[in-house]
Asker: 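A single structure is presented below for examination.
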Protein chains: 2
Amino acid sequence: MIRLTKQTDYALVLMTLIAASEPSEVQSATELAERARLPLPMAGKILKLLGREGLLVSQRGAAGGYRLAQGASETTVADIIRAMEGPIALTDCSSDSGAVCSLEESCPTCSTLRRVNRAVNDALEAITLAEMAGAKHEAREALSEPIA
Amino acid sequence: MIRLTKQTDYALVLMTLIAASEPSEVQSATELAERARLPLPMAGKILKLLGREGLLVSQRGAAGGYRLAQGASETTVADIIRAMEGPIALTDCSSDSGAVCSLEESCPTCSTLRRVNRAVNDALEAITLAEMAGAKHEAREALSEPIA
DNA sequence: CCATAGGGCACCGATTCGGTCCCATTTCGT
DNA sequence: ACGAAATGGGACCGAATCGGTGCCCTATGG
């Protein structure tokens, strides 16, 4: 249903939590799991993935944890989704790789889908982690206007 | 991966094919399946669904088939996706139904997701079947720019 | 040297997806 | 009136994906 997985959803929540704290100090998976009201194994799994994908920097050993790899304004929703689910492509057809579509005759669909895909991508690229982290207090007026 | 199912993909192709023909005359599932290079059972299943959802009008009996229920300019990509997959919602959180999110504390995510969701929705709502059907010949310059 | 915390991965049950098939019903043509 | 041609509505099945847990390893601070 054009929907992202729950794990991606959780990733957005976790990233938001991390972004909302002091950028320099690490936060443990246990802490974050509690605050996000997620089971520890789940949170751990997701944080590991986000680390491997370069969105988080991890500190191993006792008193370890995670912190953002970049500033909260440099990370977008699209980045997080890509880290969790791979390239953003609505269909096989709409991926950037020039994979040839098997539906030759009827493939104006392809070109249009590519366009749709781009619109979605842009929308996701436009929202930064900083906005999400700040949304709790401010950024309420930013919601009143439509996007596209 | 924020992707729609293959059946939805097929639905877009089939709808495009139907829209590209004379609006008044019906086309059989067999015909359409051939032109879309899809197995007949698949095409049939999808066409039935689109009919039930009100996007197509069916003519039963011999020499039967399908035609558009509305003008090609009135039907959008979003309509087709909704017919195939239900309401467009990136996450449980972002649906329009005011379903309460379980992640209370961290739920600025909710509001932001709602915004993302809306952007996606708007993008899909903006593309009509008429555009897709016409894209084969024109609308090529709209593609010349890279995607992401 | 040990408790703490992340790294990696295998694994499992449940759901969804892609696809096929069957049978009932409708309708045109002869 | 009858039969071929089409749609209508499901049931059904194998395969892939999803959500979630657990285990064992390595790193590190006290």
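Below, read A as the first sequence line, B as the second, and so on, with proteins coming before strands; counting in each chain starts at 1.
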Asker: Taking the side chain as every heavy atom from C-beta outward, state whether A:Tyr66 and A:Leu56 have any atom pair closer than 4.5 Å.
Answerer: yes
Asker: Output the rounded distance in Å from CE (B:Met84) to P (C:dG19).
Answerer: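 Rounded to the whole Å, the gap is 12 Å.
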Asker: Would you mind reading off the distance between B:Leu40 atom CG and C:dG18 atom P, rounded to a whole angstrom?
Answerer: 18 Å
Asker: B:Thr8 vs B:Arg3, test: side-chain hydrogen bond (donor to acceptor under 3.5 Å, both in side chains). Steps then yes/no.
Answerer: CA-CA 10 Å; B:Thr8 304; B:Arg3 74 169 36 216; over 6 Å; no
Asker: Using atom NZ of A:Lys48 as one end and atom P of D:dG19 as the other, report the distance to the nearest whole Å.
Answerer: 17 Å
Asker: For the side chain of A:Gln7, starting at C-beta, report the closest nucleotide among D:dG20, D:dT7, D:dG29.
Answerer: D:dG20
Asker: Provide, to the nearest angstrom, the distance between the NZ atom belonging to A:Lys45 and the P atom belonging to D:dG22.
Answerer: 13 Å
Asker: Side chain of B:Pro39, heavy atoms from C-beta onward: which of C:dT27, D:dT21, C:dT20 has the nearest atom to it?
Answerer: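 Nearest listed nucleotide: C:dT20.
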Asker: Do the non-hydrogen side-chain atoms of A:Gln59 and A:Arg67 ever get within less than 4.5 Å of each other?
Answerer: no
Asker: Nearest-Å distance, CG (A:Asp9) to P (D:dC18)?
Answerer: 14 Å
Asker: Checking contacts here: which listed nucleotide (C:dC21, C:dG6, C:dT27) is nearest the side-chain heavy atoms of A:Ala29?
Answerer: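 Nearest listed nucleotide: C:dG6.
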Asker: With a 4.5 Å limit on heavy-atom distance, are the side chains of A:Met15 and A:Met132 in contact?
Answerer: no
Asker: Side chains of A:Ile18 and A:Leu47, heavy atoms from C-beta outward: is any pair under 4.5 Å?
Answerer: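 Of all side-chain heavy-atom pairs linking A:Leu47 with A:Ile18, at least one is under 4.5 Å.
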Asker: State the OG1-CD distance between B:Thr75 and B:Gln70, to the nearest 0.5 angstrom.
Answerer: 4.0 Å
Asker: Looking at C:dA3, C:dT27, C:dC17, which one has an atom nearest to any side-chain atom of B:Thr5?
Answerer: C:dC17
Asker: Would you mind telling me which residue lines up with the more 5' stretch of DNA chain C, A:Ala63 or B:Gly61, judged by nearest nucleotide?
Answerer: A:Ala63
Asker: Which pairs, protein N/O on one side and nucleotides 23-25 of chain C N/O on the other, fall under 3.5 Å?
Answerer:
from	atom 1	to	atom 2	distance (Å)
C:dT25	O2	B:Arg60	NH2	2.7

Asker: For a quick test of reading the model: is some side-chain N or O of A:Ser28 closer than 4.0 Å to OP1 or OP2 of C:dT4?
Answerer: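 Answer is no, no contact under 4.0 Å.
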Asker: Classify the nucleic acid contact of A:Gly64 as base, sugar-phosphate or nothing, counting any heavy atom under 4.0 Å across all strands shown.
Answerer: sugar-phosphate
Asker: Just the rounded figure in Å: distance from C1' of C:dG18 to CG of B:Leu38.
Answerer: 12 Å
Asker: Using whole Å, report how far CD1 of A:Ile46 lies from P of C:dG6.
Answerer: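 Distance, rounded to whole Å: 14 Å.
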Asker: Taking NZ from B:Lys6 and P from D:dG14, how many angstroms apart are they, rounded to a whole number?
Answerer: 19 Å
Asker: Between B:Tyr10 and C:dC17, is there a side-chain N or O to OP1/OP2 distance below 4.0 Å?
Answerer: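 So the side-chain polar atoms of B:Tyr10 never come under 4.0 Å of the phosphate oxygens OP1 or OP2 of C:dC17.
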Asker: Is B:Arg82 salt-bridged to B:Glu125, going by a charged N under 4.0 Å from an acidic O?
Answerer: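 Salt bridge present between B:Arg82 and B:Glu125.
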Asker: Checking all strands, does B:Gly44 fall into the base, sugar-phosphate, or nothing category for heavy-atom contacts under 4.0 angstrom?
Answerer: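 Here B:Gly44 touches no strand at all.
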Asker: What distance separates B:Ile80 CD1 from B:Leu49 CG, expressed to the nearest 0.5 Å?
Answerer: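 Spacing of CD1 (B:Ile80) from CG (B:Leu49) equals 12.5 Å.
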Asker: Going by heavy atoms in the side chains, are A:Leu129 and A:Glu74 under 4.5 Å from each other?
Answerer: no
Asker: Please give me every residue in residues 49-59 of chain A whose heavy atoms get under 4.0 Å of an atom in DNA chain C, ordered by residue number.
Answerer: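 A:Arg52, A:Ser58, A:Gln59 - these, ordered by number, are the residues of the stretch whose heavy atoms sit under 4.0 Å from the strand.
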Asker: Please confirm whether the backbone N or O of B:Ser28 pairs with a side-chain atom of B:Glu31, one donor and one acceptor, at under 3.5 Å?
Answerer: yes
